[in-house]
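Below is one structure, written out as structure tokens; the observations come after it.
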Protein chains: 4
Amino acid sequence: MSDSSPSIKRRGRAAAGSAASRADRAAERRAAIVQAAMDEFIARGFAATRLDDIARRAGVAKGTIYLHFKDKESMFEELIRTAIVPFVSRLTTPPAPGGSVRDMVEALAKMFLQEVAGTRRADLVRLIIAEGPRFQAIADFYYREVVSRGLAAMRALIQLAITRGEIREPNLVAYPQLMIAPMMVAVLWKSLFERHAPLDAEAMLQTHLDLIFGARRPQ
Amino acid sequence: MSDSSPSIKRRGRAAAGSAASRADRAAERRAAIVQAAMDEFIARGFAATRLDDIARRAGVAKGTIYLHFKDKESMFEELIRTAIVPFVSRLTTPPAPGGSVRDMVEALAKMFLQEVAGTRRADLVRLIIAEGPRFQAIADFYYREVVSRGLAAMRALIQLAITRGEIREPNLVAYPQLMIAPMMVAVLWKSLFERHAPLDAEAMLQTHLDLIFGARRPQ
Amino acid sequence: MSDSSPSIKRRGRAAAGSAASRADRAAERRAAIVQAAMDEFIARGFAATRLDDIARRAGVAKGTIYLHFKDKESMFEELIRTAIVPFVSRLTTPPAPGGSVRDMVEALAKMFLQEVAGTRRADLVRLIIAEGPRFQAIADFYYREVVSRGLAAMRALIQLAITRGEIREPNLVAYPQLMIAPMMVAVLWKSLFERHAPLDAEAMLQTHLDLIFGARRPQ
Amino acid sequence: MSDSSPSIKRRGRAAAGSAASRADRAAERRAAIVQAAMDEFIARGFAATRLDDIARRAGVAKGTIYLHFKDKESMFEELIRTAIVPFVSRLTTPPAPGGSVRDMVEALAKMFLQEVAGTRRADLVRLIIAEGPRFQAIADFYYREVVSRGLAAMRALIQLAITRGEIREPNLVAYPQLMIAPMMVAVLWKSLFERHAPLDAEAMLQTHLDLIFGARRPQ
DNA sequence: AATGAATGAGCCTTCATTCAT
DNA sequence: TATGAATGAAGGCTCATTCAT
């Protein structure tokens with residue numbers, strides 16, 4: 001008698017019987033949308049990205065997106081924020097304190113190169129650079145959460161290195177950007193010019209560190 | 001940036017000086033369109049820019065744009081190219097050969113900071129970074145005309161400095177990007193974070209040069 | 001012709017009968033668009049027809065058209081094809097085989113006159129003639145599905161008539177167009193000159209048949 | 001002193017020194033426009049034809065067209081009229097009165113086939129059929145000048161043939177369209193289907209005449 | 001008279017957003 | 001909650017027409 005399953009419209013993954021609660025499924029969907037949106041925004045930029053494509057890529061209906069986000073713009077902002085957050089914790093985690101400052105900086109920089117340069121996250125950085133001026137909220141957030149924290153951490157390391165005598169140039173503490181600049185360039189290079197001329201970012205990093213900390217193997 | 005070219009809207013008769021020939025007028029109009037388009041593209045990016053706005057800003061009718069450009073896309077590409085070209089000659093002009101290499105590099109870098117960072121051209125660089133992946137032709141052109149030439153020139157200077165003993169680090173010749181990275185960062189900083197924290201690019205440059213060439217006033 | 005389908009504009013809730021499923025509604029809409037488009041194309045030709053007018057006449061939004069057709073051009077082609085198809089079956093249905101060939105031809109011709117000449121379908125024929133050269137696909141389709149089949153059927157009848165001695169002129173079998181020509185002229189006449197001078201197509205048909213089969217009532 | 005020839009802009013053909021008066025040149029230009037416009041209208045229909053293309057084809061500036069015609073629409077109407085006129089005289093010229101009526105009709109028909117079917121004029125007929133309903137003035141003109149006259153002339157010939165006993169069917173006089181229908185069909189066939197199946201219009205004509213006048217060589 | 005640059009209304013098409021189911 | 005058909009406001013581009021030269 002019961003008109004059971006009036007229309008199970010392609011649930012597919014939800015077949016997991018009863019384990020997946022409704023909330024779980026919603027979370028899954030949301031994650032799929034976030035993932036898809038990030039891919040599309042990175043590939044096309046904000047304005048040129050179509051919600052249709054995001055929906056298709058996420059395997060949901062267009063309307064579903066509006067159950068999770070107010071509109072395209074806030075989806076974009078929230079997305080970027082979400083993508084940045086896990087990175088922030090990395091920056092705030094102090095590096096293994098043992099060893100030389102150079103080693104600590106090197107470890108940090110390598111981590112950055114591996115996890116950003118040459119990955120989709122490089123394009124995220126590019127995306128923030130590209131859309132920043134139009135999404136001040138994002139630029140602000142990025143500055144507050146990533147840039148200022150990252151620079152502060154770097155400044156502390158520089159200060160430490162100067163104190164320890166690892167770095168001679170005292171002014172560097174005023175410009176931690178100098179420490180980071182090559183990483184920035186590497187990220188953009190991968191994204192824009194890698195096909196023209198590959199860049200060995202890690203080797204460049206060594207040279208950079210040699211300049212700042214003094215060459216290791218002067219011998 | 002500034003809404004330059006207040007755009008003489010359809011003067012009834014020949015007004016401006018009376019000397020302006022038809023060709024002159026056409027050139028004027030084209031210049032106005034180029035200017036307006038650059039402003040709009042910089043402000044909004046390619047996809048979000050409306051030809052309507054460009055036309056209004058340039059003080060011409062929408063159709064007029066199509067007398068000068070095939071379509072939005074080729075207008076964009078041609079624009080970027082046109083804007084880059086005058087810069088190329090600067091890069092290829094060898095700096096005054098007298099004096100130390102550091103002086104030459106410093107002169108170059110200051111010129112770059114003054115004429116790019118903090119001007120509309122900084123946003124042009126940002127625009128290229130932003131749209132590069134979607135306009136490979138532009139990325140290619142930029143790499144070929146600006147990046148590779150700039151790096152080659154820088155490499156030559158580094159080589160010279162090493163020969164002369166001004167620079168100790170021999171590996172730097174393999175990574176001229178290291179020389180340029182702070183300039184790049186300065187440009188992007190101005191465009192994105194200046195309002196959060198002003199950056200004294202020239203002072204940063206001095207520190208950068210001290211790192212590479214050795215501090216000047218070590219006493 | 002007549003603005004049939006008064007087009008229920010966006011009824012707030014489910015109105016019409018309540019039985020109409022979503023698919024039904026879509027089919028209805030599509031039918032309304034097809035109808036409206038046919039009317040407009042017939043009235044103005046392909047190039048001069050505005051999708052705006054089609055949408056308004058069909059009682060749908062402009063965008064809705066694009067849910068059913070790729071673009072104006074393929075809408076036009078598909079439309080013509082759709083309109084022709086039901087006619088093809090008529091042509092392929094052999095006429096009641098009893099009686100004289102003249103009777104069979106007469107039946108066919110009358111059917112044609114009644115269902116084409118003086119109806120919107122006459123304008124469809126005109127439309128095909130008008131746009132054929134610019135829409136070769138349509139001309140091809142029309143030739144393949146209608147013209148060649150119609151002529152083949154007519155040729156078979158002529159052959160039969162010659163065999164039976166109903167038609168004396170043996171060469172007619174090579175030019176079935178001669179049998180059809182007056183019908184063609186009647187159709188175009190109705191569409192173009194009826195208001196100048198009405199044409200009694202059926203009477204003309206009788207005379208035509210008399211010429212070909214010999215006068216009936218020679219006495 | 002006389003500011004002679006202030007700017008002979010590409011006159012080219014006008015080089016004929018002094019022979020070509022200004023009026024002559026204007027007439028030439030007008031003729032070129034008429035010719036070009038006819039070609040374009042035939043190739044694309046009224047709505048899809050661009051004045052730009054007409055101007056280019058005629059070798060004049062776009063503005064020049066407006067020195068000769070009020071606007072696109074009246075150009076079209078005037079054009080068709082102009083093209084039809086020379087044909088009217090042909091129709092009104094009685095055929096060589098000697099010989100049989102069949103010979104006269106045959107001569108007329110052959111003339112028509114040669115000068116219309118298979119030439120650009122066939123497309124003119126198609127154009128009139130196509131645009132007639134949207135340009136009632138043209139349809140009216142065409143009916144008045146060509147159709148009614150042509151039919152009247154044909155009717156007279158039929159009457160004569162009946163009187164002389166060349167034609168048996170008395171009703172034909174009421175439907176001179178029957179005499180002309182195959183020619184009409186031939187013209188449209190050439191324009192639409194010739195590439196699918198060539199039509200030997202003259203042979204078809206013979207069969208047609210045989211049907212009406214009786215086979216020639218029954219022997 | 002002739003030119004063709006300039007205009008701007010208008011058209012096709014796209015796409016963010018809504019809402020009945 | 002999820003869907004996707006439907007909407008309609010834009011936006012890119014075209015082209016008949018005008019008008020200063």
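A, B, ... follow the sequence lines: proteins, then strands. Residue 1 opens every chain.
Considering only residues two or more places apart in sequence or on other chains, D:Asp52 meets the side-chain hydrogen bond (donor to acceptor under 3.5 Å, both in side chains) condition with none of them.
Here the side chain of B:Thr49 pairs no donor or acceptor atom with the backbone of B:Arg44 at under 3.5 angstrom. Panel note: side chain A:Asp123, backbone A:Arg126; no donor-acceptor pair is recorded below 3.5 Å. The backbone N or O of B:Phe46 sits less than 3.5 Å from a side-chain atom of B:Glu131, completing a donor-acceptor pair.
Spacing between atom CZ of A:Arg29 and atom P of F:dT1 amounts to 11 Å, rounded to whole angstrom units. Rounded to an integer number of Å, the gap from A:Arg25 CZ to F:dT1 C1' is 10 Å. Taking atom CZ of residue B:Phe76 and atom P of nucleotide F:dG12, one finds them 14 Å apart after rounding to whole Å. Taking atom CG on C:Asp24 and atom P on F:dA5, their separation rounds to 14 Å, with Å as the unit. To the nearest angstrom, P of E:dC12 lies 11 Å from CD of C:Glu40. The CZ-P distance, from D:Arg30 to E:dA1, rounds to 12 Å in whole Å. Rounded to an integer number of Å, the gap from CE of B:Met75 to C1' of F:dG11 is 13 Å. Taking atom CD1 on B:Ile65 and atom C1' on E:dA5, their separation rounds to 15 Å, with Å as the unit.
For the pair D:Arg30 and D:Glu78, the salt-bridge criterion is met [side-chain N within less than 4.0 Å of a carboxylate O].
Distances were taken from every side-chain heavy atom of C:Tyr66 (C-beta onward) to each of E:dT13, E:dA5, E:dT3; the shortest belongs to E:dT13. For B:Leu67, the side-chain atoms get nearest to E:dA6 when compared with the rest of E:dA6, E:dT13, F:dA2.
The base of F:dT7 does not come close enough to the side chain of C:Lys62 for any donor and acceptor atom to sit less than 3.5 Å apart.
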Apply the test side chain to side chain contact (heavy atoms under 4.5 Å, CB included) to residues C:Ile80 and C:Phe141: give CA-CA distance (whole Å), side-chain angles for both, the deciding distance (0.1 Å), then the verdict. CA-CA 9 Å; C:Ile80 301 280; C:Phe141 181 82; 5.9 Å; no
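The 5' end of DNA chain F is approached more closely, in terms of each residue's nearest nucleotide, by C:Ala26 than by the other of B:Lys72 and C:Ala26. When each of B:Gly63 and C:Lys70 is assigned the nucleotide of DNA chain E bearing its nearest heavy atom, the one mapping closer to the 5' terminus is B:Gly63.
When side chains are defined from C-beta on, C:Phe76 counts as touching C:Leu127, because their heavy atoms get closer than 4.5 Å. Annotation: side chain of A:Val34 is not in contact with side chain of A:His68 (no heavy-atom distance under 4.5 Å).
Taking a pair as Watson-Crick or G-U wobble with both distances under 3.5 Å, DNA chain F forms stems of 3 or more consecutive pairs at E:2-21 with F:2-21.
Of the residues in residues 45-56 of chain D, those lying under 4.0 Å from DNA chain F by heavy-atom distance are D:Thr49, D:Arg50, D:Leu51.
Taking all atoms of both residues into account, the shortest heavy-atom contact from C:Ala130 to C:Pro133 is O-CD, 3.8 Å.
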